[in-house]
Amino acid sequence: MSTTSQASQRINALLDENSFVEIGALVTARATDFNLKQTETPSDGVITGYGVIGGSLVYVYSQDASVLGGSVGEMHAKKIANLYDLAMKTGAPVIGLIDSAGLRLQESTDALNAFGEIYLKQVNASGVIPQITAIFGSCGGGLALIPTLTDFTFMEEKNAKLFVNAPNALDGNVVTKCDSASAQFQSAQSGIVDAVADEAGVLAGIRQLVSMLPSNNEEDNSYAECTDDLNRACAELANCAGDTSIALSAISDNHVFFEVKGSYAKDMVTGFVKLNGVTVGAVANRTEVYDENGEVTDRFDAVLSCNGCYKAADFVNFCDAFGIPVLSLTNVKGYEATIGSEKGIATAVAKLTYAFANATVPKVNVIIGKAYGSAYVAMNSKAIGADITMAWPEAEIGAMDAALAAKIMYEGQGADVINEKAEEYAKLQNHVVSAAKRGYVDQIVEPADTRKYIIGAFEMLFTKSEDRPAKKHGTV
């Protein structure tokens with residue numbers, strides 16, 4: 001393998017030192033039209049092979065933009081398809097490092113077929129082996145489907161471009177008005193990209209993510225020895241109820257929290273924590289975002305949004321496919337109420353409800369704030385299959401806010417009556433003890449003790465096995 005190409009350097013920086021073994025180094029293009037016969041195509045523009053990350057086997061392909069712009073042609077695609085075949089046989093992740101001009105026009109239908117061959121391999125591998133993509137240069141047109149068919153996507157912050165139609169090709173748009181191909185747009189607006197960083201940060205992020213994931217859907221090597229105190233109290237946890245990304249970091253072993261899609265739908269947090277060395281997928285409502293200086297940068301209502309629901313549903317589906325337990329932190333009082341959200345909120349909440357209810361992995365829900373109405377039901381409630389539900393002592397669980405309920409039930413009566421009935425409703429219907437008496441809450445735990453109780457619950461659920469009705473697949 002050439003040590004001078006950028007494609008090679010990226011592989012070497014990603015993998016454990018001296019672990020990469022190249023496959024198909026001598027493959028070149030077969031096409032001869034448009035003078036391609038006279039053009040050198042070393043490795044046909046993509047370096048493929050295998051190596052290890054933290055001692056675990058991974059397969060890697062890295063596109064070489066110095067060879068015909070890294071464009072995808074027949075042999076280029078066959079090398080990637082071959083890599084997928086090996087990964088499926090051995091049960092190991094595939095990591096794609098993208099830097100490509102897209103479809104190789106000189107190969108026309110051969111190149112189109114090549115795209116389809118890659119898509120098919122990705123679809124068949126979905127839910128069997130983890131697939132990770134990192135974009136360092138251009139990733140446009142049909143190539144944009146490759147990262148969106150994978151599980152996690154990283155983008156280099158300055159030079160990477162991801163698009164189906166280039167910004168200038170969008171009706172009424174120019175790149176200076178909105179760079180829709182930029183990492184910022186694709187991470188914050190479209191929600192395709194999980195993390196944005198400089199090149200070194202992207203590669204480091206992939207290494208950390210791989211260390212937290214199983215190699216495949218049957219064999220889990222993501223466990224690690226826990227060096228943190230299993231009974232560690234989280235004294236400040238109650239103060240983190242607004243920004244649950246901070247709360248999840250506090251709960252996790254050694255404060256390790258790998259957030260995914262952190263810039264998208266910030267009212268919903270998704271990511272991976274470690275609990276007693278075991279990787280757990282976390283989904284949490286969020287009402288505040290704090291920066292490094294402890295300043296609030298964003299505030300949200302405690303409601304479910306369309307984008308937040310889709311983000312969480314996709315994440316739960318991934319966790320379920322790979323046997324990763326799911327933890328949820330619930331603080332929700334209803335649904336986003338705008339004309340825009342009304343177009344899709346019912347479908348989005350249905351997707352979230354389906355994802356939680358359909359998942360057979362161990363599921364633990366912690367109610368840290370409000371839990372009102374059917375929005376609460378959709379957030380991994382016991383009604384839709386949570387195995388253990390915990391709540392903090394100050395949590396509120398019920399059909400709706402007590403004041404609003406009293407106004408509806410005693411409409412037309414004086415303020416004194418409504419206030420009195422609201423207080424009565426809060427005690428009788430919304431109090432956490434009322435829910436616990438009916439069995440909807442299994443344990444009431446102090447915020448500081450949350451970590452040890454969650455760890456205990458997942459240890460108890462470790463051997464969980466749950467069947468579903470026989471069917472090809474659901475349709476929601």
Side-chain angles (χ1 to χ4, degrees), residues 236-251 259 261-262 264-271 282-290 296-313 315-316 326-338 340-342 344-346 348-353 355-356 364-384 386 389-408 422 425-426 429-432 434-435 440-441 444-445 447 450:
E236 298 299 315
L237 196 62
N239 297 328
C240 306
D243 193 340
T244 44
S245 67
I246 298 173
L248 290 167
S249 177
I251 292 168
E259 187 171 2
K261 290 183 171 44
Y264 181 69
K266 293 181 180 181
D267 56 285
M268 186 75 79
V269 177
T270 54
V283 176
N285 306 118
R286 175 161 58 182
T287 57
E288 296 173 323
V289 179
Y290 286 85
V296 177
T297 58
D298 289 291
R299 294 187 191 275
F300 309 100
D301 288 334
V303 295
L304 294 179
S305 68
C306 291
N307 289 344
C309 287
Y310 283 120
K311 171 180 170 178
F315 183 77
V316 172
V326 172
L327 166 69
S328 56
L329 304 183
T330 296
N331 177 23
V332 65
K333 62 183 183 181
Y335 305 114
E336 184 179 22
T338 66
S341 67
E342 193 62 20
I345 191 69
V349 177
K351 295 279 187 186
L352 179 64
T353 303
F356 275 125
V364 173
N365 184 30
V366 183
I367 301 168
I368 64 172
K370 292 177 170 56
Y372 287 157
S374 56
Y376 148 63
V377 175
M379 270 300 296
N380 195 28
S381 66
K382 184 170 280 289
I384 62 169
T389 298
M390 303 176 193
W392 289 356
E394 301 304 315
E396 300 173 25
I397 306 167
M400 63 177 64
D401 178 76
L404 184 58
K407 281 183 181 179
I408 294 171
Y425 191 94
Q429 295 292 336
N430 286 359
H431 199 277
V432 65
S434 300
Y440 305 135
V441 171
I444 299 174
V445 303
T450 304

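Remember, it's a predicted structure, so these values are computed and weren't measured experimentally. When a residue number appears, it is its place in the shown sequence, counting from 1. Computation of the quantities below employed the complete heavy-atom set of this structure, encompassing side-chain atoms and omitting hydrogens, waters and symmetry-equivalent molecules.
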**OP:** Answer yes or no: is there a side-chain heavy-atom contact under 4.5 Å between Y376 and I367?
**Re:** yes
Original post:
Heavy-atom distance under 4.5 Å between the side chains of E336 and L304, does that happen here?
Top reply: no
**OP:** For T338 and S341, indicate whether the former's side chain and the latter's backbone hold a donor-acceptor pair under 3.5 Å.
**Re:** yes
Original post:
Any donor-acceptor pair under 3.5 Å linking the side chain of S328 with the backbone of A284?
Top reply: no
Subject >> T287 (side chain) donor-acceptor with A302 (main chain) under 3.5 angstrom >> reply: no
Subject >> Side-chain heavy atoms of W392 within contact of L237, under 4.5 Å >> reply: yes
**OP:** Please test L329 against L248 for side chain to side chain contact (heavy atoms under 4.5 Å, CB included), starting from the C-alpha separation and ending with a verdict.
**Re:** CA-CA 9 Å; L329 304 183; L248 290 167; 3.7 Å; yes
Subject >> Sidechain-backbone polar pair: N331 side chain, K370 backbone, donor-acceptor under 3.5 Å >> reply: yes
Original post:
Is K382 reaching over with its side chain to a backbone N or O of V441, donor-acceptor style, under 3.5 angstrom?
Top reply: no
Original post:
Does the side chain of L327 reach to within under 4.5 Å of the side chain of V366, using non-hydrogen atoms?
Top reply: yes
Original post:
Quick one: does K266's side chain have a donor or acceptor within less than 3.5 Å of a partner on V289's backbone?
Top reply: no
**OP:** Could you please spell out the steps behind the side chain to side chain contact (heavy atoms under 4.5 Å, CB included) verdict for I246 and Y290?
**Re:** CA-CA 9 Å; I246 298 173; Y290 286 85; 4.0 Å; yes
**OP:** Apply the side-chain contact (heavy atoms from CB on, under 4.5 Å) test between F315 and each candidate in V269, V283, V326; give the one that qualifies.
**Re:** V283
Original post:
How far apart are the closest heavy atoms of I397 and A391, and which atoms are they?
Top reply: CD1-CB, 4.5 Å
Subject >> Y264 OH to K311 NZ distance, which is reported to the nearest 0.5 Å >> reply: 9.0 Å
Original post:
Side chains of S374 and Y335: does their closest heavy-atom pair fall under 4.5 Å?
Top reply: yes
Original post:
Which residue, T389, N380, T330, forms the side-chain hydrogen bond (donor to acceptor under 3.5 Å, both in side chains) with N365?
Top reply: T330
Original post:
So which heavy atom on I368 is nearest to which on A241, and how close?
Top reply: CD1-O, 3.8 Å
Original post:
About how many Å separate OG1 of T270 and NZ of K261, when rounded to the nearest 0.5 Å?
Top reply: 7.0 Å
Original post:
Please walk me through it: do S305 and D267 pass side-chain hydrogen bond (donor to acceptor under 3.5 Å, both in side chains)?
Top reply: CA-CA 8 Å; S305 68; D267 56 285; 2.9 Å; yes
**OP:** State, with a plain yes or no, whether a side-chain heavy atom of M390 is found less than 4.5 Å away from one of I444.
**Re:** no
Original post:
Considering only heavy atoms from C-beta outward, does the side chain of E288 approach that of T297 to under 4.5 Å?
Top reply: no
Subject >> Residue pair A348 / C309: nearest heavy atoms and the distance that separates them >> reply: O-CB, 3.4 Å
Original post:
Which residue pairs pass the salt bridge (Lys or Arg N to Asp or Glu O under 4.0 Å) test with at least one member in residues 237-247, sequence neighbours excluded?
Top reply: D243-R286
Original post:
What's the shortest heavy-atom distance between A395 and V432, and which atoms?
Top reply: O-CB, 3.7 Å
Subject >> Heavy-atom check, side chain of T353 versus side chain of I384, under 4.5 Å >> reply: yes
**OP:** Would you kindly say whether S381 and Y440 are connected by a side-chain donor-acceptor distance under 3.5 Å?
**Re:** no
Original post:
Closest heavy-atom contact between A375 and G334?
Top reply: CB-O, 3.4 Å
